[in-house]
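Since the structure comes first, as structure tokens, the remarks are kept for the end.
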Amino acid sequence: MSQELILIGRAFVNGNLKETEIGISEGKITYVGPSAGRGDRRIDLGSNRIILPGGVDPHVHFRDPGMTHKEDFGTGSASAISGGITCVLDMPNTIPPAVDRETVVEKKARLRKRSYCDYGLFAAITANSRPSKVADLVAGYKLFMGSTTGKILTNDDNVIADMVGEVMNLGKVLSVHAEDDNMILKGTERNCTDHLRNRPAAAEANAIRRLSKFKGGKINICHLTTVEGLNLAKSYGFTTEVTLHHIMFSSDRGSDAKYKVNPPLRESAAREALFKAFEQGEITMFGSDHAPHALSEKENEFDLAPSGMPGVETTLPILMNTVRKGTLPLSRVVEMCSTAPARVFGMNKGSVEVGKDADFSVFNLQNRKEIKGDCLHSKAGYTPYEGREAVFPDMVLLRGEMQLKDGEFCGETMGADIIG
Ligand code: DOR
Ligand code: ZN
Ligand code: ZN
């Protein structure tokens, strides 16, 4: 059988890098092994590059519809592809929020043929939602237990019990913003330390504890910031997500609102403990929590600035730089940025394996580059990682189609909703 495309190079297969030929037809991987046979096109990536499964980011806020001056699905997904991410899951705190059949159907119609990467949508669960009514449309559900961007807080234990019970019966994952709103204070904030004081670590642990009755359910705790929260989540059998900013930055960032985020950056001891847990492989996956806001809003008084920071384009490249330096095993990055999120959310992606979608990110570990906010593809135009070193992908393929080549974005809006 002749394949449409054969990729040749050092690929990450079954936990190791090895010289591989990868056959691709109709957007799927059809062969992985020493010799793929005939192909219409052959691309030899040489010995300096490594072929990884495309990244899967289970947590982005692309602001579409409603806040497209901050981001839209085109810019958000171009940013994803440019950072080696071929599939994202988009959060429901848009305007209007994605909470019911009408808003989800409308959002899906609006996004069709506008994304450069594949995507899935979350529906929020609120007092008035009926999760079963959107089960055929969404990749997962989202519960906000603490107030943040958007007005879709659900903090009543009776409502949570009712809604989460329904979601558990549907077999889909519920991602949770776990900060107990009852413990969030409203004091004036002048800097990251004040923001942290208003949103204490105990609020995270307490929110997770309130979910203990759903032990063993498909619950995913987003952006964990404390080891206490992590251990609780694990003890209930929940999956766990961490952002790069919570393992890299502490609350000593002063009054720069670019570092204002929910949950907040913690003190360095908490951050270091979380980092250690990550290094030891105790966290299921990375989610960027890409939450772009306009620079003008971030340059506002700290107290008035919105929370959140961009990250979909920088998470994988910064992690690949740590692989380059030899401080993090490649297998951890692939697991946490591709394989685990794809497995948790039931996608046919996340590994170089026959039958999976032919999504790849190709890196040359010698190609390190300084991150510059104004060179990224998000509308945000800034990054909390300004000036840091990263290894951006050289080439990205989505279902066999080149979306980035020679380090340059060349995408087409072929991205599809993974749910259809
Ligand atoms: O800092 C945050 N920003 N945390 C969230 O939970 C939401 C996000 C946003 O959408 O801006
Ligand atoms: Zn959140
Ligand atoms: Zn988020």
Side-chain angles (χ1 to χ4, degrees), residues 57-73 76 80 88-99 119-125 139-155 173-181 184 189 192 195-196 198-199 203-204 207-208 211 219-226 229 233 240-246 249 251 253 256-266 285-295 297-298 300 302-312 315 341 378-380 382-384:
D57 188 338
H59 191 149
V60 302
H61 300 264
F62 279 175
R63 311 296 190 205
D64 200 342
M67 287 171 284
T68 50
H69 59 291
K70 299 187 194 227
E71 195 78 285
D72 61 40
F73 232 87
V88 298
L89 297 183
D90 189 54
M91 287 298 168
N93 57 338
T94 41
I95 303 174
V99 287
Y119 57 92
L121 303 184
F122 283 102
I125 62 172
Y141 296 89
K142 177 72 186 277
L143 168 64
F144 287 94
M145 293 176 79
S147 341
T148 186
T149 309
K151 292 193 172 63
I152 40 178
L153 175 70
T154 304
N155 189 38
V173 177
L174 174 69
S175 276
V176 181
H177 180 116
E179 280 188 287
D180 186 334
D181 207 57
I184 295 178
E189 299 178 357
C192 292
H195 189 56
L196 170 62
N198 276 342
R199 306 183 77 112
E204 177 171 284
I208 299 169
L211 300 170
I219 290 181
N220 175 47
I221 306 297
C222 298
H223 43 50
L224 272 155
T225 61
T226 64
T240 53
E241 205 184 287
V242 74
T243 68
L244 195 62
H245 50 268
H246 287 116
F249 303 134
S251 52
R253 291 273 153 184
D256 185 349
K258 290 205 269 315
Y259 296 89
K260 182 177 179 185
V261 63
N262 297 329
L265 302 178
R266 303 278 175 213
M285 58 193 159
F286 272 102
S288 70
D289 200 0
H290 178 79
H293 293 286
L295 185 59
E297 296 171 299
K298 285 294 201 178
N300 214 334
F302 191 95
D303 201 43
L304 302 175
S307 292
M309 49 178 88
V312 71
T315 298
S378 166
K379 282 191 188 175
Y382 61 88
T383 166

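Scope of the values below: all heavy atoms of this structure, side chains included, with no hydrogens, waters or symmetry mates. Just follow the structure's listing: the first ligand is 1, and inside any ligand the first atom is 1.
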Pull out every atom of ligand 1 sitting under 4.0 Å from any heavy atom of [X], numbered as shown with elements.
{"X": "Val261", "value": "1 (O)"}
{"X": "Ala291", "value": "3 (N), 8 (C), 9 (C), 11 (O)"}
{"X": "His61", "value": "7 (C), 8 (C), 10 (O)"}
{"X": "His177", "value": "6 (O)"}

Could you tell me the residue and atom name of the protein heavy atom closest to [atom], and the distance to it rounded to 0.1 Å?
{"atom": "atom 9 (C) of ligand 1", "result": "Thr149 OG1, 3.2 Å"}
{"atom": "atom 1 (O) of ligand 1", "result": "Asn262 N, 2.8 Å"}
{"atom": "atom 7 (C) of ligand 1", "result": "Thr148 OG1, 3.4 Å"}
{"atom": "atom 3 (N) of ligand 1", "result": "Ser307 O, 3.0 Å"}

> Below 6.0 angstrom between ring centroids: does that apply to Phe73 and Tyr119?
Replying inline: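 Yes; Tyr119 has its ring centre under 6.0 Å from that of Phe73.
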>> Ring centres under 6.0 Å, that's the criterion: do Phe122 and His59 meet it?
In response: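 Ring centroids of Phe122 and His59 are no less than 6.0 Å from each other.
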>> Just checking: His59, one of its N/O/S atoms, less than 2.8 Å away from the Zn ion (ligand 3), yes or no?
In response: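 Yes, since at least one N, O or S atom of His59 sits under 2.8 Å from the Zn ion (ligand 3).
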>> So that I can check it, does any N, O or S atom in Cys222 come closer than 2.8 Å to the Zn ion (ligand 3)?
In response: no
> Among Val312, Asn93, Val88, whose side-chain contact (heavy atoms from CB on, under 4.5 Å) with His61 holds?
Replying inline: Asn93
> Of Asp72, Thr68, Asp90, which is the lone residue that meets side-chain contact (heavy atoms from CB on, under 4.5 Å) with Phe62?
Replying inline: Asp90
> Can you name the N, O or S atom of His223 that is closest to the Zn ion (ligand 2)?
Replying inline: NE2
> In His177, the N, O or S atom nearest to the Zn ion (ligand 2) is which?
Replying inline: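 Of all N, O or S atoms belonging to His177, ND1 is the one nearest the Zn ion (ligand 2).
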>> Is it true that His293 and Arg63 share a donor-acceptor pair across their side chains at a distance under 3.5 Å?
In response: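 A pair is found: one side chain offers a donor N or O, the other an acceptor, under 3.5 Å apart.
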> Heavy-atom contacts under 4.0 Å between His245 and ligand 1: side chain, backbone, both, or neither?
Replying inline: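 Neither; nothing of His245 gets under 4.0 Å from ligand 1.
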> Are His293 and ligand 1 in contact, using a heavy-atom cut-off of under 4.0 Å?
Replying inline: yes
> Applying a strict 4.0 Å limit to heavy atoms, is Met91 in contact with ligand 1?
Replying inline: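 Distance cut 4.0 Å: Met91 fails for ligand 1.
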> Picking from Thr149, Asn262, Thr148, what satisfies side-chain hydrogen bond (donor to acceptor under 3.5 Å, both in side chains) with Ser307?
Replying inline: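 For Ser307, the side-chain hydrogen bond (donor to acceptor under 3.5 Å, both in side chains) test succeeds with only one of Thr149, Asn262, Thr148, which is Asn262.
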>> For ligand 1, which is the ligand I care about here, please tell me if Asn93 has any N or O atom under 3.5 Å from one of the ligand's N or O atoms.
In response: yes
> Rounded to 10°, how many degrees is the angle OD1/Asp289-the Zn ion (ligand 3)-NE2/His61?
Replying inline: 90°
